[in-house]
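Since the model is a prediction, treat every value here as computed from it, not as a measurement.
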Amino acid sequence: MIRRIIRKRRPAPTLTGISLEEELALIRVELMYGLRVNREEYLRRKVDERNEMATRMREREPAEMLADLRHSLERSVRPTVVDLHSRRQARAHQDPEPA
């Protein structure tokens, strides 16, 4: 059924294509939220984002981009610190189970 829906849609502009995964996601949005996604506008935005990313990459040094990525990862993922030494001591003070 999904293949039939995808085939009936008009072809994407030749500038760039919508992958099968993207098309399925767009269909899911349309079905879940009752929205109509304009494929041409979606492709224009995709091309604009790609061009913006290419411009950013040309203007910056790789080490600078890596530092930014590392910083954003550190902000988004807070490490969980577990004190293994105190956990071992707590277990050592407990009596062993009787046989």
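Note that the CE atom of Met32 and the CD1 atom of Ile27 stand 13.5 Å from one another [nearest 0.5 Å]. Note: Leu43 CG to Asn38 CG = 9.0 Å, rounded to the nearest 0.5 Å.
Here Glu41 pairs with Arg44 under the salt bridge (Lys or Arg N to Asp or Glu O under 4.0 Å) rule; sequence neighbours left out. Under the rule for a salt bridge (Lys or Arg N to Asp or Glu O under 4.0 Å), the partners of Glu52 that lie at least two apart in sequence or sit in another chain are Arg56. With sequence neighbours excluded, the residues forming a side chain to side chain contact (heavy atoms under 4.5 Å, CB included) with Glu61 are Glu64, listed by chain and number. Taking the side chain to side chain contact (heavy atoms under 4.5 Å, CB included) definition, one finds that Leu73 meets it with Ser76, sequence neighbours left out. Among residues two or more places apart in sequence or in another chain, the side chain to side chain contact (heavy atoms under 4.5 Å, CB included) test is passed with Ser72 by Arg75. Not counting sequence neighbours, Glu59 has no partner by the salt bridge (Lys or Arg N to Asp or Glu O under 4.0 Å) test.
Alongside Met65, the hydrophobic cluster contains Met53, Met57 (criterion: ILVMFWY side chains under 4.5 Å).
When each of Lys46, Arg39, Arg45 is tested with Glu22 by the rule salt bridge (Lys or Arg N to Asp or Glu O under 4.0 Å), just one qualifies, namely Lys46.
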